[in-house]
Q: 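Here you go, one structure.
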Amino acid sequence: MDKQYQEYFVVRRQSAPRLEFEAAAIYEYPEHLRPWLEAMPRQPGVYIFHGESEAMPLYIGKSVNIRSRVLSHLRTPDEAAMLRQSRRITWICTAGEIGALLLEARLIKEQQPLFNKRLRRNRQLCSLRLSGEKPLVVYAKEVDFSSSPDLYGLFANRRAALQALQSIADDEKLCYGLLGLESLTRGRPCFRSALQRCAGACCGKETREAHDERFAAAMARLQLVCWPWRGPIGLKESAAGMTQYHIIHNWLWLGSVDEPAAAAQLLRLPAGFDHDGYKILCKPLLSGDYEIIELD
């Protein structure tokens, strides 16, 4: 072998991620999964790759076309390790993409599949509250995020919330001291002012009003939407001859039924704010594109 080629080959092997190399090396089309493809629908829904364990699936995904998406998995060398461990594939059809997204998020949290990015119920979920001179970090376990009108952003923890606040300050040349990100000595400019990274509201170079207006405009993009109904609602979704009513309260998906009259059991469930539900449901619920039924 040519010496120059040998050196190139060694460098490539050393620099390539080990997992990717191994996956490509062991990949072969998973013929043992073909029997599961015959009845697989071309409808929206959730699909599940199962291994030997009945308690923990290998992977849970969603698609508007289950069959097409599963076939793409079977042709992906990077997923060779998961495919070799798979023994069967099951699926649950939904009436559309919203139902698939909601069901996928719930099943991943409940079953913690081996090859999914783990989704957990975040007990530190927090937001920024603007109700005084300085923003405060508040937690979902202490404040009802579904009904508080002065909350901005959803963050996994306090550190993430403060990093977002700092990023806004950097973009808008706001004062860390006035935002509570660092201590400020009365009558003296902050350190960032000398570096021209702060527009100078801390030392009179700009007015506090101008500073606060820029801050408010930047934060407006993050404002949480309060639950706009008096109580629970049903969102109607239909596709491919199937209709579901997604029962939702305070941005929490309680479940889906075939008709609103069947929702009584679900309405007895507690309905606290849900991060994933908010992200999935906020846009479609407020778009006006879906029929909404208010439930007593």
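Every heavy atom of this structure was used, including side-chain atoms; hydrogens, water molecules and symmetry mates were not.
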Q: Mind telling me whether Tyr278 and Phe273 have parallel, tilted or perpendicular rings, with 30° and 60° as the class edges?
A: tilted
Q: Is any side-chain N of the basic residue among Arg88 and Glu54 closer than 4.0 Å to the acidic one's carboxylate O?
A: yes
Q: Quick check: are there more than 12 heavy atoms from other residues, nucleotides or ligands sitting under 6.0 Å from CZ of Arg159?
A: no
Q: Can you tell if the side chain of Arg87 reaches within under 4.5 Å of the side chain of Glu52, non-hydrogen atoms only?
A: yes
Q: Provide the full list of ring pair (Phe, Tyr, Trp, His ring centres under 6.0 Å) pairs with a residue in residues 63-114, sequence neighbours left out, each pair given once.
A: Tyr47-His73, Phe49-His73, Tyr59-His73
Q: Other residues, nucleotides and ligands only: do more than 12 of their heavy atoms fall within 6.0 Å of CG on Asp258?
A: no
Q: Within a strict 4.5 Å, meaning less than it, do heavy atoms of the Leu178 and Arg208 side chains meet?
A: yes
Q: So, does Asn250 use its side chain to make a donor-acceptor pair with the main chain of Ala271 at under 3.5 Å?
A: yes
Q: Can you find a pair of side-chain heavy atoms, one from Leu74 and one from Arg34, that are under 4.5 Å apart?
A: no
Q: Does CZ in Arg197 sit with more than 12 non-hydrogen atoms of other residues, nucleotides or ligands closer than 6.0 Å?
A: no
Q: Would Phe155 and Val137 count as a side-chain contact (heavy atoms from CB on, under 4.5 Å) if you check the C-alpha gap in whole Å, the side-chain angles of each, and the deciding distance to 0.1 Å?
A: CA-CA 10 Å; Phe155 308 100; Val137 177; over 6 Å; no
Q: Would you check if there is a donor-acceptor pair between the side chains of His246 and Glu237 at a distance under 3.5 Å?
A: yes
Q: Any side-chain to backbone donor/acceptor pair from Ser53 onto Ala55? Under 3.5 Å, distance only.
A: yes
Q: So do Phe215 and Glu172 actually touch side chain to side chain, heavy atoms under 4.5 Å?
A: no
Q: With the side chain counted from C-beta on, respond yes when Leu285 and Trp251 share a heavy-atom pair under 4.5 Å apart, and no when they do not.
A: yes
Q: Are Lys173 and Arg192 packed together at the side-chain level, in the sense that at least one heavy-atom pair is separated by less than 4.5 angstrom?
A: no
Q: Enter the distance from Leu103:CG to Ile98:CD1 here, rounded to the nearest 0.5 Å.
A: 13.5 Å
Q: Are Leu33 and Val70 packed together at the side-chain level, in the sense that at least one heavy-atom pair is separated by less than 4.5 angstrom?
A: no
Q: Take a 6.0 Å sphere around CD of Gln196 and say whether it holds more than 12 heavy atoms from other residues, nucleotides or ligands.
A: no
Q: So among Ile292, Val225, Leu281, which one has a side chain to side chain contact (heavy atoms under 4.5 Å, CB included) with Leu286?
A: Val225
Q: Evaluate side-chain contact (heavy atoms from CB on, under 4.5 Å) for Leu179 paired with His211, printing each intermediate quantity in order.
A: CA-CA 10 Å; Leu179 296 180; His211 173 280; 4.1 Å; yes
Q: So how far is it from His249 NE2 to Trp229 CH2, rounded to the nearest 0.5 Å?
A: 11.0 Å
Q: Roughly how far, to the nearest 0.5 Å, is the NZ atom of Lys279 from the CG atom of Leu154?
A: 8.5 Å
Q: Find the distance between CD1 (Ile280) and CG (Leu101) and round it off to the nearest 0.5 Å.
A: 5.0 Å
Q: Please find the pair of heavy atoms, one from Pro113 and one from Met56, that lie closest to each other, and give the distance.
A: CA-CG, 4.3 Å
Q: Rounded to the nearest 0.5 Å, what separation is found between the CD atom of Gln111 and the CZ atom of Arg106?
A: 11.5 Å
Q: Ignoring hydrogens and geometry, is there a side-chain-to-backbone donor-acceptor pair from Ser148 to Asp144 under 3.5 Å?
A: yes
Q: Do other residues, nucleotides or ligands put more than 12 heavy atoms under 6.0 Å from the CD atom of Glu31?
A: yes
Q: Could you check whether any side-chain heavy atom of Leu151 comes within less than 4.5 Å of a side-chain heavy atom of Phe145, counting everything from C-beta outward?
A: yes
Q: Measure from the side-chain N and O atoms of Arg67 to the backbone N and O of Leu37, and report whether any donor-acceptor pair falls under 3.5 Å.
A: yes
Q: If you look at every heavy atom in Leu128 and Ala161, which pair is closest and at what distance?
A: CD1-O, 4.0 Å
Q: List the atom of Ile66, the atom of Pro41, and the distance in Å for their closest heavy-atom pair.
A: CB-O, 3.6 Å
